[in-house]
Amino acid sequence: QVQLVESGGASVQAGGSLRLSCATNGYTITNYYMAWFRQAPGKEREGVAAIDTDGRTILYADSVKGRFAISQDTIENTLALQMNSLKPEDTAMYYCAAVESWRALRLTLSSTDFRIWGQGTQVTVSS
């Protein structure tokens, strides 16, 4: 069973950048659809970015388009989220998620379509 461990969360000022990383426990990342989600206190979990097995299809939430970039390292089997021009409204717990590609009909940003979750890493953006 693949396990996901996020890292890279921190407190930054608005306009700053962070890079989140998600490590698997050695499972081949290209066998999974991978995604980043976030959840702020009192709000529903929101899909931020998702990537398919070969990286050809990538989805972004409208709120992060042009500022965030998702990528995968197929040698290290890690997933990354580069976050630039951060805003206070980006403050949330960020989660890495995965689903086996054979289980998925298509790539989405819906949390119900992802089966495996990390514990999260906190991102706080101050104004």
Side-chain angles (χ1 to χ4, degrees):
Q1 174 70 24
V2 64
Q3 293 179 337
L4 305 174
V5 179
E6 303 94 335
S7 62
S11 295
V12 297
Q13 290 193 329
S17 297
L18 281 176
R19 185 176 180 85
L20 305 183
S21 183
C22 174
T24 70
N25 55 341
Y27 280 77
T28 302
I29 199 170
T30 53
N31 290 337
Y32 297 83
Y33 287 178
M34 305 288 295
W36 287 97
F37 288 80
R38 66 185 181 187
Q39 187 166 21
K43 294 189 177 181
E44 292 187 355
R45 191 165 294 191
E46 172 192 21
V48 175
I51 188 169
D52 68 354
T53 55
D54 59 9
R56 293 183 180 180
T57 301
I58 292 176
L59 303 178
Y60 291 104
D62 288 342
S63 57
V64 306
K65 280 182 181 177
R67 299 189 299 123
F68 290 11
I70 189 172
S71 62
Q72 56 187 10
D73 184 325
T74 58
I75 296 176
E76 297 293 330
N77 287 308
T78 58
L79 182 74
L81 184 69
Q82 178 66 42
M83 305 187 295
N84 300 323
S85 302
L86 283 162
K87 304 176 181 180
E89 50 264 43
D90 294 320
T91 295
M93 184 71 78
Y94 282 71
Y95 298 91
C96 177
V99 61
E100 296 91 337
S101 61
W102 60 268
R103 292 181 182 267
L105 292 177
R106 58 186 175 92
L107 187 67
T108 75
L109 287 173
S110 173
S111 61
T112 57
D113 289 337
F114 288 83
R115 202 176 68 88
I116 305 162
W117 293 85
Q119 294 301 307
T121 186
Q122 178 67 37
V123 172
T124 302
V125 185
S126 58
S127 58

Problem - Partners passing salt bridge (Lys or Arg N to Asp or Glu O under 4.0 Å) against Arg56 (at least two apart in sequence or in another chain) - result: Asp54

Exercise for the section: Decide, yes or no, whether a salt bridge links Lys87 with Asp90 under the criterion of side-chain N to carboxylate O below 4.0 Å. Expected result: no

Problem - N/O donor-acceptor pair under 3.5 Å between Gln122 side chain and Ser11 backbone - result: no

Problem - Test item: Thr91 side-chain N/O and Val125 main-chain N/O as donor-acceptor pair under 3.5 Å - result: yes

Practice task
Take Trp102 and Asn31, measure what side chain to side chain contact (heavy atoms under 4.5 Å, CB included) needs, and give me the verdict at the end.
Solution key: CA-CA 8 Å; Trp102 60 268; Asn31 290 337; over 6 Å; no

When rounded to the nearest 0.5 angstrom, what distance separates [atom1] in [X] from [atom2] in [Y]?
X      : Y      : atom1 : atom2 : result
Thr108 : Asp113 : OG1   : CG    : 3.5 Å
Ser7   : Arg19  : OG    : CZ    : 10.5 Å
Thr74  : Ile29  : OG1   : CD1   : 8.5 Å
Gln72  : Met34  : CD    : CE    : 8.0 Å

Where do [X] and [Y] come nearest, in terms of heavy atoms and distance?
X     : Y      : answer
Ala92 : Ala40  : CB-N, 3.8 Å
Leu81 : Ala49  : CD1-CB, 4.2 Å
Thr53 : Ser101 : CG2-CB, 3.5 Å
Leu86 : Arg67  : CA-NH1, 3.9 Å
Asn77 : Thr24  : O-OG1, 3.1 Å

Practice task
Answer yes or no: is there a side-chain heavy-atom contact under 4.5 Å between Ser63 and Glu46?
Solution key: yes

Problem - Residue pair Phe68 / Leu18, side-chain heavy-atom distance below 4.5 Å - result: no

Handout entry: Option among Met83, Arg38, Glu6 that satisfies the side-chain contact (heavy atoms from CB on, under 4.5 Å) test with Leu20
Key = Met83

Exercise for the section: Let me know which of Val2, Leu79, Asp52 forms a side-chain contact (heavy atoms from CB on, under 4.5 Å) with Tyr32. Expected result: Val2

Practice task
May I ask you to check whether over 12 heavy atoms, not counting those of Glu100, lie within 6.0 Å of atom CD?
Solution key: yes

Problem - Whether over 12 other heavy atoms sit under 6.0 Å from Glu89 CD - result: yes

Practice task
Considering only Ile, Leu, Val, Met, Phe, Trp and Tyr, and joining two whenever side-chain heavy atoms are under 4.5 Å apart, list the other residues clustered with Val99.
Solution key: Tyr33, Phe37, Leu59, Met93, Tyr95, Leu107, Leu109, Phe114, Trp117

Practice task
Answer with yes or no whether the side chains of Asn84 and Ser17 bring together a donor and an acceptor at under 3.5 Å.
Solution key: yes

Problem - same_hphob_cluster(Ile58, Tyr94) at 4.5 Å side-chain heavy-atom cutoff - result: yes

Handout entry: Pairs meeting criterion disulfide bond (SG atoms under 2.5 Å apart) with involvement of residues 28-108, two or more places apart
Key = Cys22-Cys96

